[in-house]
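We name chains A, B, ... by the order of the sequence lines, and we start the count at 1 in each one. What you see is a predicted model; the values in this text were computed from it and never measured.
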Amino acid sequence: MADPPRPPSHLREEHRRTVSEPDGRARRIPYRFEPDATAADLVERFGALDDGAESGTTATVAGRLMLRRVQGKLAFATLQDNSGPGADGRIQLFAPAGTTPDFDGFCSLSLGDWIGVRGEVMKTRRGELSVRVDEWALLAEARRAFPDKWHGLTDTDTRYRQRYVDLWVNDDARRTFLLRSRLLSLTRRWLEDRGFVEVETPVFHTIAGGGHAKPFVTHHNALDMDLYLRIALELHLKRLVVGGFEKVFEIGRVFRNEGLGYRWNPEFTMLELYEAYADYGDMMDLTEQLVAHLATELRGATRLTYGGRPLDLTPPWRRASMTELIEERTGRRLDLTTPLDDLRQACDEFEVPWTAGDGPGVLLLELYEKTTEAELWGPVFVTDYPAEVSPLARAHRERAGYVERFEPIIAGREIGNAFSELQDPVEQRATFEAQARRKAAGDEEAMAVDDDYLRALEYGLPPTGGLGIGIDRLVMILADVATIRDVILFPTLRPEAGS
RNA sequence: GGGCCGCUAGCUCAAUUGGCAGAGCGCCGGACUUUUAAUCCGUUGGUUCUGGGUUCGAGUCCCAGGCGGCCCA
């Protein structure tokens, strides 16, 4: 690909010439390099070496040059590799002029250059574990200047657009994404250990179902038809329960055509799982056990802090109905038996907008979200949602007008959604049709009738518990970060000017 | 979508009421054999986000736009 013409500002960032061999030729970059140790390994194995001692062991390491201290006939440098966030992944390089090949070339390396080094593992007189530079090779030149070695990179825009730089200079960024990776791995293993099977279902949907959200639309040329990017995993996974996958899960990207914010990115990662013969109570048990397991593995405890405030994820978590929590928060007893006019009056009082088409269930949910949800530090399972706003959940076994549904709330945010799943195809068709009427009336987030899903239910869905967890939000809690953009490697951004 | 705040050298930041656009780090050159944000000396580096306007004079004031952050819906 030809380089486009560059503006002067880019040329200025090419801050130096190509590093050359002692004879002036361009330095050759090897095609491969074989490190046999990492910074973290060496600290672990040789950390106890005496000051000034040599280990008698030779190691080969590779990474980026992050600091450099040339002192005449002796040079020190700090190499960072992938073996740990921040200081855990750093090792000092020790380069005396007398033994270092092409000492001048080594001293002329810049911050950000990739190098490979082979040499004796030793400790300096001042007690810093080091690899002596008996051999070294330039692996890549940093032709753009690295950010300030002390202040790093703080501009959020640059951090998100140039994550490849952020990961090197901000320890927290690397730490958070390593935590995210481990969280995904631990979640898979934990579920598999309990007999769950991981599957992959389509990202392109002909009907965007399973959630309350505006979908993205794309077009398939050969079929000449519009397709939606999935807003949820739910309906395909329940088809698989019909198909006999009794414990099934998927961790996948979903897409919602909504605004961006500290908790919202248009594409995000959902875990959804379905368990035959289980109900929403079982899903609460599973949720608190899984989250407690992840907290223990990733943070060493279930008593954490989030944003400086204590957060105790130790099971069991409180379980309380939505109406009960609204009453605690507002002092008002509001439920589905409250006259519609009273609910509307409460909405006006709490500045909740409503329309004439909104039933009591919609108003109750809106009131809950406006007055109560953000105040719940939790963890707490908010249970028993109005049927009117829960078209895929099964009717509550005791409370008329409600369904068996809960959302786990942590730090004022919903991190998931779960039901005793609606089994009955006749009831399901009725709730789909109610949704379709809302859609026809202008609710862009309402669902459409999914005839194939209804056909699947007609073959028989056993009693099933289903759970969805927003992985990004869970990572936010466990990594103790405030914005979703800090847990998504390449968050959605507006294009840069001029691109 | 609304309100508020921000955008100055590669990075982190200064610049009194409108009055010569600066520092540290980086980069480049020099000194230095136990440094670790090494230190010391000397350079280099600017479309002050963009476009208009007011003014003798605009980084600074006004208008429009771009991008980002925070709060609200």
Report task. Could you measure between the two C1' atoms, the one in U8(B) and the one in A23(B), and give it in whole Å? Result -> 13 Å

Report summary line: The nucleotide from A37(B), G26(B), U34(B) with an atom nearest the side chain of Ala145(A) is G26(B)

Requested in this report: Using the P atoms only, state how far C13(B) lies from G6(B), rounded to an integer number of Å.
Outcome: 14 Å

**Report entry** Base paired to C25(B) (Watson-Crick or G-U; both N/O distances under 3.5 angstrom)
**Finding:** G10(B)

Report task. In plain terms, say whether Arg329(A) and Glu327(A) are close enough for a salt bridge, that is, a side-chain N and a carboxylate O under 4.0 Å apart. Result -> no

Query raised in the report: For atom P, what is the distance between G24(B) and G19(B), given to the nearest Å?
Result: 23 Å

Query - Protein-nucleotide distance (Phe106(A), atom CZ; U33(B), atom P), rounded to Å - result: 17 Å

Report summary line: Closest to the side chain of Leu111(A), out of U34(B), U12(B), G26(B), is G26(B)

Query - Separation of the C1' atoms in A15(B) and A21(B), to the nearest angstrom - result: 7 Å

Report task. Provide, to the nearest angstrom, the distance between the CG atom belonging to Asn170(A) and the P atom belonging to C11(B). Result -> 14 Å

Query raised in the report: C27(B) phosphate, OP1 or OP2: any side-chain N/O from Arg68(A) under 4.0 angstrom?
Result: yes

Report task. Can you tell me, in whole Å, how much space there is between the P of G51(B) and that of G66(B)? Result -> 15 Å

**Report entry** Of the listed nucleotides C70(B), U12(B), G10(B), the one nearest the side chain of His151(A)
**Finding:** U12(B)

Report summary line: Gln162(A) CD to G10(B) C1', in whole Å, measures 10 Å

Query raised in the report: Are Arg174(A) and Trp168(A) in a cation-pi contact, defined as NZ or CZ under 6.0 Å from the six-membered ring centre and within 45° of the axis?
Result: yes

Query raised in the report: The side chain of Ser110(A) lies closest to which of these nucleotides: C28(B), G24(B), C32(B)?
Result: C28(B)

Query raised in the report: Between Gln71(A) and U34(B), is there a side-chain N or O to OP1/OP2 distance below 4.0 Å?
Result: yes

Query - Arg332(A) with Glu324(A): basic N within carboxylate O range, under 4.0 Å - result: no

Requested in this report: Measure from CZ on Arg144(A) to C1' on C27(B) and round the result to the nearest Å.
Outcome: 15 Å

Requested in this report: Please work out if Thr124(A) contacts a base, only the sugar-phosphate, or nothing of the nucleic acid, heavy-atom cut-off 4.0 Å.
Outcome: base

Query - Interatomic distance at C1', G18(B) relative to U60(B), whole Å - result: 6 Å

**Report entry** Complement of C56(B), any strand, by Watson-Crick or G-U distances under 3.5 angstrom
**Finding:** G19(B)

Report task. Could you please spell out the steps behind the salt bridge (charged side-chain N to carboxylate O under 4.0 Å, His left out) verdict for Arg413(A) and Glu373(A)? Result -> CA-CA 7 Å; Arg413(A) 298 135 193 216; Glu373(A) 185 177 78; over 6 Å; no

Query - Comparing Glu351(A) and Arg69(A) on RNA chain B - which has the more 5′ nearest nucleotide - result: Arg69(A)

Query raised in the report: Among G68(B), U34(B), G26(B), which nucleotide sits nearest the side chain of Arg125(A)?
Result: U34(B)

Query raised in the report: Base, sugar-phosphate, or nothing for Thr154(A), non-hydrogen atoms under 4.0 angstrom?
Result: sugar-phosphate

Requested in this report: For the side chain of Asp155(A), starting at C-beta, report the closest nucleotide among U33(B), U12(B), G69(B).
Outcome: U12(B)

Report task. Pick the P atom in C49(B) and in U12(B), then give their distance to the nearest Å. Result -> 14 Å

Query raised in the report: Nearest-Å distance, CD1 (Ile484(A)) to P (G68(B))?
Result: 16 Å

Query - Pairing partner of C70(B) (Watson-Crick or G-U wobble, both distances under 3.5 Å) - result: G3(B)

Report task. Using a 4.5 Å cut-off on heavy atoms from C-beta on, say whether the side chain of Arg159(A) contacts that of Val165(A). Result -> no

Query - Integer angstrom distance from the P of C41(B) to that of C25(B) - result: 10 Å

Requested in this report: Identify whether any heavy atom of Gly152(A) sits under 4.0 Å from a base atom; if not, whether one sits that close to sugar-phosphate; answer base, sugar-phosphate or nothing.
Outcome: sugar-phosphate

Query - Side chain of Leu74(A) - closest among U34(B), G10(B), G69(B) - result: U34(B)

Report summary line: As its Watson-Crick or G-U partner within any shown strand, both distances under 3.5 Å, G46(B) has none

Report task. Could you state the atom-to-atom distance from CG of Leu65(A) to P of G26(B) in whole Å? Result -> 12 Å

Query raised in the report: So what does Val169(A) hit on the nucleic acid, given a heavy-atom distance under 4.0 Å: a base, only sugar-phosphate, or nothing?
Result: nothing

Query raised in the report: Base, sugar-phosphate alone, or nothing: which one does Arg161(A) contact when heavy atoms must sit under 4.0 Å apart?
Result: sugar-phosphate

Query raised in the report: Could you give the CD-to-P distance, from Gln92(A) to U33(B), as a whole number of Å?
Result: 17 Å

**Report entry** Side-chain ion pair, Asp312(A) and Arg303(A), N-O less than 4.0 Å
**Finding:** yes

Query raised in the report: Is Arg256(A) paired with Glu258(A) through a side-chain N to carboxylate O contact shorter than 4.0 Å?
Result: no

**Report entry** Side chain of Lys149(A) - closest among G68(B), A37(B), C11(B)
**Finding:** A37(B)

Report task. Report which part of the nucleic acid Lys123(A) touches: base, sugar-phosphate, or nothing (heavy-atom distance under 4.0 Å, all strands). Result -> nothing

Requested in this report: Could you check which of U34(B), C27(B), G69(B) has an atom nearest any side-chain atom of Thr156(A)?
Outcome: G69(B)

Query raised in the report: From the list A73(B), C11(B), G68(B), which nucleotide is the closest neighbour of the side chain of Pro147(A)?
Result: C11(B)

Query raised in the report: For the base of G69(B), is there a side-chain donor-acceptor partner from Asp157(A) under 3.5 Å away?
Result: no

**Report entry** Whole-Å distance separating the CZ atom of Phe103(A) from the C1' atom of C32(B)
**Finding:** 10 Å

Report task. Tell me whether the OP1 or OP2 atom of C67(B) has a side-chain N or O from Arg494(A) closer than 4.0 Å. Result -> yes

Query raised in the report: Is it the case that Arg309(A) places NZ or CZ above or below the six-membered ring of Trp377(A), under 6.0 angstrom from the centre and within 45 degrees of the axis?
Result: yes

**Report entry** Pairwise 5' ranking along RNA chain B for Leu67(A) and Arg485(A), keeping only the more 5' one
**Finding:** Leu67(A)

Requested in this report: Mind telling me whether Tyr385(A) and Tyr368(A) have parallel, tilted or perpendicular rings, with 30° and 60° as the class edges?
Outcome: perpendicular

